[in-house]
Amino acid sequence: MLAAKKILLGVCGGIAVYKAVELVSRLRREGAAVKVIMTGSALKFVSQLTFREISGNPVAASMWADIPVYNVEHIALAEWADALVIAPATANVLAKLASGIADDMLTTTALAVKAPIILCPAMNTNMYENPVTQSNLEKLAARGLKIIQPASGRLACGTYGAGRLPEPIDIVQEIDDYLRGGSMSGLKVVVTAGGTIEPVDPVRYIGNRSSGKMGYAIAGEAVRRGAGTVLVSGPSSLPVPPGVTAIKVETAVEMKDAVLAEYGDADILIKAAAVADYRVKDICAAKIKKKEETLTLELVKNPDILKELGRLKTKQYLVGFAAETDNLVENARVKIKEKNLDMIVANDVSMPGAGFNHDTNIVKFIYPSGEIVSMEKASKQEIAAKLLDQISAAISSRPERDSQGC
Ligand code: PMT
């Protein structure tokens with residue numbers, strides 16, 4: 001898969017180092033040339049000799065070692081690489097990368113690398129879930145570094161949760177997908193995010209608590225996987241992920257027009273936005289004065305954008321979200337049917353850490369067949385990654401795509 005690719009592997013100090021040894025072996029079996037940089041902490045776990053033997057190349061570990069041929073080694077390695085992969089990437093090294101600290105061979109080289117950088121975080125679950133680590137990962141992802149999500153399960157420290165280094169075979173597959181332009185390259189993904197706002201008068205509006213975090217995470221993940229990505233967003237203070245084309249809207253009607261204009265040639269449409277179901281019938285041209293004790297606003301129904309997309313659907317894979325506070329699965333199933341969806345992501349927004357404005361969510365992917373894939377509470381980035389994995393798997397098993405040779 002990786003024939004003639006030059007992979008520079010950064011190895012940090014964590015118990016998962018043993019898997020990095022197998023990773024080198026697998027990369028070489030796939031045809032890649034591999035050079036390894038080890039941090040001082042990695043050397044406490046495995047000797048330099050192990051990586052030298054398995055990679056067939058000298059291992060760089062110190063900025064100050066004698067070198068047989070004169071060159072500025074971290075720059076030479078940075079220029080040699082087609083990709084820098086850091087596995088395992090510890091919380092400490094992620095923090096240094098996020099801040100631009102360059103105080104050893106690996107972090108100095110990382111600053112000099114122009115090639116893609118792929119990070120495989122692996123650490124204790126609490127360290128991984130710590131907001132500082134999450135914010136560092138978000139910063140790095142926003143700068144265009146590819147993050148391979150850690151696996152969940154039993155960790156060496158005895159806890160259960162996210163933080164395991166994925167199996168080397170899976171890491172190799174992700175590296176290959178990414179270097180080929182991503183597993184979603186050639187696809188157009190349209191994502192909606194945030195809440196719509198419906199004006200009452202020139203200074204007031206009816207809105208909801210959607211921050212856009214869920215939809216922005218999905219758009220960021222789609223673009224990292226190589227998809228042409230359009231984000232139709234209601235008002236949100238979040239930065240648009242690099243590489244994403246953003247269309248900013250305010251009202252449900254504006255969102256409908258923007259989405260319909262992007263729908264015809266879209267391959268996947270994911271509707272994470274919280275669209276207002278009603279709007280004010282007669283918007284006041286002037287600011288409403290507080291003269292009366294009560295104020296009555298007449299509301300009219302907004303268009304159901306997702307229902308309209310379901311009606312117009314041709315080749316598109318159509319995904320809705322369901323924000324529920326009761327009867328999650330039953331209500332979501334009704335929406336799948338009514339809106340002709342290929343999948344619905346159901347979140348019970350009354351649960352702690354789920355739904356509006358949280359950094360985390362708790363979701364179930366529900367299919368028209370009745371199949372349900374449930375996720376534990378996870379960051380919105382992790383949910384975005386899992387969602388796109390589910391969609392990619394579903395699309396690749398579609399009979400009509402097979403017949404087109406896709
Ligand atoms: O933005 P965050 O703060 O990260 O919060 C994320 C979220 C809670 C907003 C997100 O996870 C979510 O649940 N989004 C859907 C919210 C919603 O409006 O759900 P609903 O069950 O009311 O609508 C069902 C689906 O129909 C949604 O895909 C919605 O976009 C769509 N819809 C709804 C009404 C309407 N008039 N047009 C629509 O297209």
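All ligand and atom numbering here is 1-based and tracks the order in the structure. Numbering of residues begins at 1 and proceeds along the displayed sequence.
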Exercise. Looking at atom 37 (N) of ligand 1, what's its closest protein heavy atom, distance included?
Worked result: Ile305 N, 3.1 Å

Seminar exercise, completed: For Ala322, the atoms of ligand 1 under 4.0 Å from one of its heavy atoms are 21 (O)

Problem set entry | Close approach, Gly212 and ligand 1, non-hydrogen under 4.0 angstrom | yes

Exercise. Which is closest to atom 1 (O) of ligand 1 in terms of heavy atoms, Gly195, Ser210, Ala332?
Worked result: Ser210

Exercise. Looking at Lys313 and Asp342, does any basic side-chain N land under 4.0 Å from a carboxylate oxygen?
Worked result: yes

Problem set entry | Qualifying side chain to side chain donor-acceptor pair (under 3.5 Å) pairs, either residue in residues 246-261, two or more places apart | Tyr216-Lys248

Exercise. Can we say Glu292 and Lys289 salt-bridge, meaning some charged N sits less than 4.0 Å from an Asp/Glu carboxylate O?
Worked result: no

Problem set entry | Any residue meeting side-chain contact (heavy atoms from CB on, under 4.5 Å) with Pro168, in chain and number order, not counting sequence neighbours | Lys19, Glu22, Leu23, Arg26

Exercise. In ligand 1, which numbered atoms sit nearer than 4.0 Å to a non-hydrogen atom of Lys380?
Worked result: 2 (P), 3 (O), 4 (O), 5 (O)

Exercise. Which residue supplies the protein heavy atom nearest to atom 34 (C) of ligand 1, what is that atom called, and how far is it?
Worked result: Asp277 OD1, 3.3 Å

Problem set entry | Pair Asp359 + Lys380, salt bridge at N-O below 4.0 Å | no

Exercise. Which option out of Ala273, Gly215, Gly194 puts a heavy atom nearest to atom 17 (C) of ligand 1?
Worked result: Ala273

Exercise. Got the closest protein heavy atom to atom 2 (P) of ligand 1, with its distance?
Worked result: Ser211 OG, 3.3 Å

For this session: Report, in ascending order of atom number, the atoms of ligand 1 lying under 4.0 Å from any heavy atom of Gly355.
Result: 5 (O), 8 (C)

Problem set entry | Atoms of ligand 1 close to Asn361 [distance to a heavy atom under 4.0 angstrom, numbered from 1] | 11 (O)

Exercise. Below 4.0 angstrom, N of the basic side chain to O of the carboxylate: do Glu79 and Lys114 qualify?
Worked result: no

Exercise. Would you say the side-chain atoms of Asn302 and Asp277 include a donor-acceptor pair closer than 3.5 Å?
Worked result: no

For this session: Provide, to 0.1 Å, the distance between atom 19 (O) of ligand 1 and the closest protein heavy atom, together with that atom's residue and name.
Result: Ala323 N, 3.4 Å

For this session: Report, in ascending order of atom number, the atoms of ligand 1 lying under 4.0 Å from any heavy atom of Lys213.
Result: 1 (O), 2 (P), 4 (O)

Problem set entry | ligand 1 atoms in contact with Pro303 (distance to a heavy atom under 4.0 Å) | 35 (C), 36 (N), 37 (N)

Problem set entry | Asn124 side chain to Met127 backbone, donor-acceptor under 3.5 Å | yes

Exercise. Within less than 4.0 angstrom of ligand 1, does Ala217 place any heavy atom?
Worked result: no

Exercise. Heavy-atom contact under 4.0 Å between Lys307 and ligand 1?
Worked result: no

For this session: Under 4.0 Å from a heavy atom of Asp304: give me the atoms of ligand 1 that qualify, with their elements.
Result: 35 (C), 36 (N), 37 (N), 38 (C), 39 (O)

Exercise. Are Lys188 and Asp265 ion-paired here, with the side-chain N under 4.0 Å from a carboxylate O?
Worked result: yes

Seminar exercise, completed: re atom 22 (O) of ligand 1, the protein heavy-atom contact at minimum distance is Lys335 NZ, 4.2 Å

Exercise. With the threshold set at 4.0 Å, does a side-chain nitrogen-carboxylate oxygen contact exist between Asp201 and Arg204?
Worked result: yes

For this session: Can you figure out which of Phe321, Phe356, Tyr216 has its heavy atom closest to atom 24 (C) of ligand 1?
Result: Phe321

Exercise. Do the side-chain N and O atoms of Thr107 and Lys96 include a donor-acceptor pair separated by under 3.5 angstrom?
Worked result: no

Problem set entry | Nitrogen or oxygen atoms of His358 and ligand 1 under 3.5 Å apart | no

For this session: Identify the protein heavy atom lying closest to atom 39 (O) of ligand 1, giving its residue, its atom name and the separation to 0.1 Å.
Result: Leu306 N, 2.9 Å

Problem set entry | Test item: side-chain donor near acceptor, Gln390 and Ser392, under 3.5 Å | no

Exercise. So, Thr50 and Gln48: side-chain donor and acceptor under 3.5 Å apart, yes or no?
Worked result: no

Seminar exercise, completed: When distances are taken from atom 14 (N) of ligand 1, the protein heavy atom at minimum range is Ala272 O, 2.9 Å

For this session: Assess the side chains of Gln134 and Asn130: does a donor N or O sit below 3.5 Å from an acceptor N or O?
Result: no

Problem set entry | Minimum-distance protein heavy atom relative to atom 18 (O) of ligand 1 | Ala274 CA, 3.4 Å

Exercise. Is there a heavy atom of Lys339 sitting under 4.0 angstrom from any atom of ligand 1?
Worked result: yes

Problem set entry | For Asn347, atoms of ligand 1 separated by under 4.0 Å from a heavy atom | 8 (C), 10 (C), 11 (O), 12 (C), 13 (O)

Problem set entry | ligand 1 to Asn302 polar contact by distance, N or O atoms, under 3.5 Å | no

Problem set entry | Residues Arg225, Asp177: salt bridge by 4.0 Å N-O rule | no

